[in-house]
Amino acid sequence: MEKLMRIPMLILTLLLASCEYLGFDGYINQLEEIGINHELADAVSLGQHLVSRPREFNGRVYVLGTRGVYVLRASRLSSYQYYPYSQDLGYERDFWEDRLPPINCYRDPVSGRVVINALHEDWDRGLRYGDTLTLDEDTQQAIFEPADISAYGPLVSHITESGSRAYVLIPYFDTHVDSIFWSSDVAVNPGGDQERLASASELFVSQSLRTMPQGAGIRVVAQNGTGYYGKGSAQFTVYNITPPDWISAAGISLMTSDLIFNDRFFTDGTNDYYVASRLNVSVNNRYLLLWGDAIEDEETMLIYDYVTGERKLKTDIPGNETFPELAESGMDIFVTSIRGGVARYAYD
């Protein structure tokens, strides 16, 4: 009898423990989060609707809420700091958006503070393309600064060259771009000191831009165009670039074994090409994550090893209405739920 009594008590304990995850896609996903899904490594509910995908930088995970920025330890998501926005960014508390934008993080070499940018082409409120949030330890606020619209494109990343400032800029309002700029001083030369052109047959995926953990350069993905509209294998090239090798650094290319729907037209003046406009791309030091409507099953996410070209994972995106991003290294995935949940899934 005593053993029989322990069974409902154990169930009750699990349900109570799962209360920390309320908001992470409701009760169905709670079952996954207390152990049924073996890939789940960690999860937490933050009690605030979220408005960005998560981004790991220097061992911390950054995600934007409707009222401020959460900074979580990548190794344990329940341990976090909170930085309220220095001004109202226009979100309702229950703000809901079907597509959450990615963000990028970098560390200012002078102040040492972490700065956050949105990587989205037409975000109509909150943190727009080129705006910045600086996490101020003194005031415990996320200091908002709007984009300088006089520049050719928004500052989206800060990198270092021999300890001096360098900036990366990309044109406004575009998911794919044909060039990105490096500039030593945005105020003096907003057009850029050097322009890194995509090849005639490829476009950079602006949302893939990612500052390297050490802050010495960026990774960015380009998609090679196909000569036809519709489904087919897709070729991607990952560039790891820093000044002074901004122009000459070669990329690493891979061809997907999965079919990608290419629907966006562009031309080099002689030949016509298509790339995928409805594909989300995330990259780290070894892997490339693909997901979105351009994949035949839009609930599927794919991970490729871009060094070997091997597909390492094909699986459903965990949870309902969630948005995945690659960790800084390895095949861990950080996932945001709009309702306020962040989870880490380990696929190594």
Mind running side chain to side chain contact (heavy atoms under 4.5 Å, CB included) on R339 and S45 for me, showing each step along the way? CA-CA 8 Å; R339 292 187 181 95; S45 178; over 6 Å; no
Please assess M301 against T315 for the test side chain to side chain contact (heavy atoms under 4.5 Å, CB included), listing each intermediate value before the final yes or no. CA-CA 6 Å; M301 62 181 184; T315 190; 3.8 Å; yes
What verdict does the ring pair (Phe, Tyr, Trp, His ring centres under 6.0 Å) test give for F266 and Y274, after you've listed the backbone C-alpha separation in whole Å, the side-chain angles of each residue and the deciding distance to 0.1 Å? CA-CA 6 Å; F266 72 100; Y274 293 89; 8.3 Å; no
Stepwise, does the side chain to side chain contact (heavy atoms under 4.5 Å, CB included) test hold for L302 with K314? CA-CA 5 Å; L302 309 168; K314 181 177 184 179; 3.4 Å; yes
Decide side chain to side chain contact (heavy atoms under 4.5 Å, CB included) for Q87 and L89; before the verdict, give the C-alpha distance in whole Å, the side-chain angles of both, and the deciding distance to 0.1 Å. CA-CA 6 Å; Q87 65 185 69; L89 298 187; 4.1 Å; yes
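No donor-acceptor distance shorter than 3.5 angstrom exists from the side chain of E328 to the backbone of P213, with no hydrogens or angles considered. Judged purely by atom type and a 3.5 angstrom limit, S52 uses its side chain to pair as donor or acceptor with the backbone of L64. Under a 3.5 Å cut-off, the side chain of Q207 and the backbone N or O of P101 do not form any donor-acceptor pair. Not a single donor-acceptor pair under 3.5 Å links the side chain of S337 to the backbone N or O of T322. With S206 contributing its side chain and T175 its backbone, the two residues share a donor-acceptor pair below 3.5 Å. Distance alone, capped at 3.5 Å, places no donor-acceptor pair between the S79 side chain and the R76 backbone. Within the 3.5 Å criterion, the main-chain N or O of A327 finds a donor-acceptor partner in the side chain of N284. A donor-acceptor contact shorter than 3.5 Å links the side chain of S86 to the backbone of F144. Remark: side-chain polar atoms of S78 are not paired, donor with acceptor, to backbone N or O of V44 under 3.5 angstrom. Of the possible polar contacts, none joining the H49 side chain to the T66 backbone as a donor-acceptor pair under 3.5 Å is found.
A chain of hydrophobic side-chain contacts below 4.5 Å, direct or via other Ile, Leu, Val, Met, Phe, Trp or Tyr residues, connects I317 to W96. Hydrophobic clustering of Ile, Leu, Val, Met, Phe, Trp and Tyr side chains at less than 4.5 Å, counting indirect connections, keeps W291 apart from V281. Cluster annotation: V69 and V114 are assigned to the same hydrophobic cluster (Ile/Leu/Val/Met/Phe/Trp/Tyr, side-chain heavy-atom contacts under 4.5 Å, transitive). Taken together through direct or relayed side-chain contacts under 4.5 Å among Ile, Leu, Val, Met, Phe, Trp and Tyr, V238 and L290 form part of one hydrophobic cluster. Cluster membership for Y304 and Y345, using ILVMFWY side-chain heavy atoms within less than 4.5 angstrom, is not shared.
Using a 4.5 Å heavy-atom cutoff, the side chains of D131 and L133 are not in contact. A 4.5 Å side-chain heavy-atom check between L46 and Y82 finds every atom pair outside the cut-off. A heavy-atom distance below 4.5 Å is found between the side chains of L288 and L254. Between L203 and Q223 there is no side-chain heavy-atom pair separated by less than 4.5 Å. Counting heavy atoms from C-beta outward, V51 and E97 have side chains that stay 4.5 Å or more apart. No side-chain heavy atom of N224 sits less than 4.5 Å from a side-chain heavy atom of Y273. Inter-residue side-chain proximity for M331 and R286 is flagged as unmet; no heavy-atom pair is nearer than 4.5 Å. Two residues are said to be in side-chain contact when any heavy atoms from C-beta on lie closer than 4.5 Å; Y287 and I333 fail this criterion.
Using a cutoff of 4.0 Å between basic side-chain nitrogens and carboxylate oxygens, D332 and R344 are scored as salt-bridged. We find that D136 and R113 are joined by a salt bridge, their nearest charged nitrogen and carboxylate oxygen being less than 4.0 Å apart. A salt bridge links E310 and K312; the closest N-O separation between the charged side-chain nitrogens and carboxylate oxygens is under 4.0 Å.
To the nearest 0.5 Å, the span separating OH on Y106 from CG on N58 amounts to 14.0 Å. A distance of 10.0 Å separates OG1 of T132 from CD1 of I143, quoted to the nearest 0.5 Å. Here the straight-line distance linking atom CG of N262 with atom OG1 of T226 works out to 4.0 Å at 0.5 Å rounding.
Checked options D305, T256, D258; the residue passing with R311 is D258 (criterion: side chain to side chain donor-acceptor pair (under 3.5 Å)).
A donor atom on one side chain and an acceptor atom on the other are found under 3.5 Å apart for T267 and D272. Using a 3.5 Å distance cut-off with no hydrogens or angles, the side chains of E195 and S179 do pair a donor with an acceptor.
Y85 and Y91 have tilted rings, their planes meeting at an angle from 30° to 60° on a 0 to 90° scale. Y62 and F57 have tilted rings, their planes meeting at an angle from 30° to 60° on a 0 to 90° scale.
Cation-pi geometry between R196 and Y239 is satisfied (NZ or CZ under 6.0 Å from the ring centre, within 45° of the ring normal).
Counting non-hydrogen atoms of other residues, nucleotides and ligands closer than 6.0 Å to CD of E92 gives a total of 12 or fewer. Other residues, nucleotides and ligands contribute more than 12 heavy atoms inside 6.0 Å of the CD atom of Q140. Dense packing is recorded around CD of Q81, with more than 12 heavy atoms of other residues, nucleotides or ligands lying under 6.0 Å away.
The shortest non-hydrogen separation linking G68 to Q48 is N-OE1, 3.4 Å.
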